[in-house]
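The next block holds one structure in the form of structure tokens; read it before the comments.
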Amino acid sequence: MLKQNHLYEVKTPPSVSHEKAFSILIASRSAEALTQLKSALSLMPAGVKINCRLISNGHSDPLHGLEKLPDLLIFRVGDCWQAELESLCARPPETRVPMLVVSTEAQSSAMRLSMKAGARDFFPEPLEDGELLRVVDQLYRENRDQLSSLNTHLTVVMNAKGGSGASLIATNLAHQLASAGKRKVVLVDLDLQFGSLSHYLDLKPQRGIKQALDNVEDLDGLALEGYLTRHVSGLKILSSESDRLLLSDEVSSDQLMQLFRLLAKEHQHLVVDLPRQIDLVTSTVLEQADQIVLTLQQGITYLRDAARLIEVMRRDLDIPDHRILVVVNRYDKASPITLAEVSKALKHQPIVTVPNDYKHVSEALNNGMPLLDIARRAPISRALHGLSEEVTGGRSPARPGLLGKLFHLVKGD
Ligand SMILES: Nc1ncnc2c1ncn2[C@@H]1O[C@H](COP(=O)(O)OP(=O)(O)O)[C@@H](O)[C@H]1O
Ligand SMILES: [Mg+2]
């Protein structure tokens, strides 16, 4: 039963969706038209939230009194099209939203008034099969791409098993990009409980990720600087405050992406040290990454865990292989587990190696200094330089996200 002038939800976004829901409002004076339009959009991806509004006497403005404006308005106008469309023309431009008009009238005057009211498209009834769905999906994808594109280079470093060397590699990779590569780089420590990056560089963050996330709505690029800790090389770090242990449900993936977008405005490269777990936060970051540097060592348990992780990335997160960069750290060419075997077990190639260097790594850690400053010419520094060139070697083109994938599945292509 439709309630007059009430919003009612047609589709609830599923709890698995970690993208901000795209909200559509369908408004009309005809309950029958609402039902038809809603069913015309039944194949939209699950993260799209559709509300209907039945307009009765009184206001013709379909957006009147709404606390939150939708991302898209589908306005179906009938006999009173003139009054209905004029009510929208009367709105100040900043309170209008992208709109599609569906009309019982095909007259050019109705079309002109729709355009004046800001309509992106005009559909005279009867609608052709799939016509509205195609245009709505296009607008939805434009909106999603705008929201999700980071416009910076994002490299994620993750270990296949604790102790593989992910934090050492993330820190020194970011340092090389900032110092030798002269780029504006932020190293983000997303290990919110036992983050170690500030120790690797002997820094003591006063303000950190949690405070930045709490205030993200009000931050601009300049204010965000106050949450970053600066290393002498120019590299900046965003990490947990040293006295704070964060639980993963204290961080929302939406807020984190908002923070990343802010960082992206002022920096060319973000390097993220990501803890080895798959949840909404980590999968959002993984889906956005240009490269995922997966670190492991030559051991059966490392191999088994790495194979599992790669499989989850491929199968569940739809991450193509060319975005995964496998690094065998502390590489020993005498080990019975050869690179060919690693490649075979992970069904992945090529594999990059970083040598074992206990002496320089210990010295770097004890002094809180990057490897480049301790041993510029050592094979480990050269290997990390090679890795830095590898990750700056080119951006991958736009990728469909999880919802896009679901949509294709629903459509069956
Ligand atoms: N290539 C290497 N040579 C020598 N020691 C290393 C190397 N890579 C990492 N280590 C050491 O291994 C330990 C674990 O490294 P870390 O970067 O903290 O791993 P993860 O972040 O994967 O848990 C550190 O104490 C580090 O000093
Ligand atoms: Mg670590």
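In listed order, ligands and their atoms are each counted from 1.
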Hey, is E311 close enough to R308 for a salt bridge, meaning N to O under 4.0 Å?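 Answer for the salt bridge query: no.
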Any heavy-atom pair between the side chains of K161 and L296 that's under 4.5 Å?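 Answer no - side chains too far apart.
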Metal site the Mg ion (ligand 2): N/O/S of S167 inside 2.8 Å: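 Checking S167: at least one N, O or S atom is under 2.8 Å.
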Of all residues at least two apart in sequence or in a different chain, which pass the ring pair (Phe, Tyr, Trp, His ring centres under 6.0 Å) check with H64?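 Expected list: H59.
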What's the shortest heavy-atom distance between H175 and S233, and which atoms?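 Between these two residues, the closest heavy atoms are CD2-OG, 3.4 Å.
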Would you confirm whether R53, through its side chain, and P62, through its main-chain N or O, come within 3.5 Å as a donor-acceptor pair?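 The answer is yes, because a donor-acceptor pair under 3.5 Å joins these two groups.
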Quick check for students: name every N or O atom pair between ligand 1 and the protein closer than 3.5 Å, with distances.
unit_1: ligand 1; atom_1: 1 (N); unit_2: N329; atom_2: OD1; d: 3.0
unit_1: ligand 1; atom_1: 1 (N); unit_2: P355; atom_2: O; d: 3.0
unit_1: ligand 1; atom_1: 3 (N); unit_2: N356; atom_2: OD1; d: 3.2
unit_1: ligand 1; atom_1: 3 (N); unit_2: D357; atom_2: N; d: 3.0
unit_1: ligand 1; atom_1: 5 (N); unit_2: R330; atom_2: NH2; d: 3.2
unit_1: ligand 1; atom_1: 8 (N); unit_2: N329; atom_2: ND2; d: 2.8
unit_1: ligand 1; atom_1: 17 (O); unit_2: S167; atom_2: N; d: 3.2
unit_1: ligand 1; atom_1: 17 (O); unit_2: L168; atom_2: N; d: 2.8
unit_1: ligand 1; atom_1: 17 (O); unit_2: Y200; atom_2: OH; d: 3.1
unit_1: ligand 1; atom_1: 18 (O); unit_2: Y200; atom_2: OH; d: 3.1
unit_1: ligand 1; atom_1: 19 (O); unit_2: G165; atom_2: N; d: 3.0
unit_1: ligand 1; atom_1: 21 (O); unit_2: S167; atom_2: N; d: 2.9
unit_1: ligand 1; atom_1: 21 (O); unit_2: S167; atom_2: OG; d: 2.9
unit_1: ligand 1; atom_1: 22 (O); unit_2: N159; atom_2: ND2; d: 2.8
unit_1: ligand 1; atom_1: 22 (O); unit_2: S164; atom_2: N; d: 3.1
unit_1: ligand 1; atom_1: 22 (O); unit_2: G165; atom_2: N; d: 2.9
unit_1: ligand 1; atom_1: 22 (O); unit_2: A166; atom_2: N; d: 2.8
unit_1: ligand 1; atom_1: 23 (O); unit_2: N159; atom_2: ND2; d: 3.4
unit_1: ligand 1; atom_1: 23 (O); unit_2: G163; atom_2: N; d: 2.7

Do you know which of H269, Q291, R183, Q268 makes side chain to side chain donor-acceptor pair (under 3.5 Å) with H153?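 Single side chain to side chain donor-acceptor pair (under 3.5 Å) partner of H153 among H269, Q291, R183, Q268: Q291.
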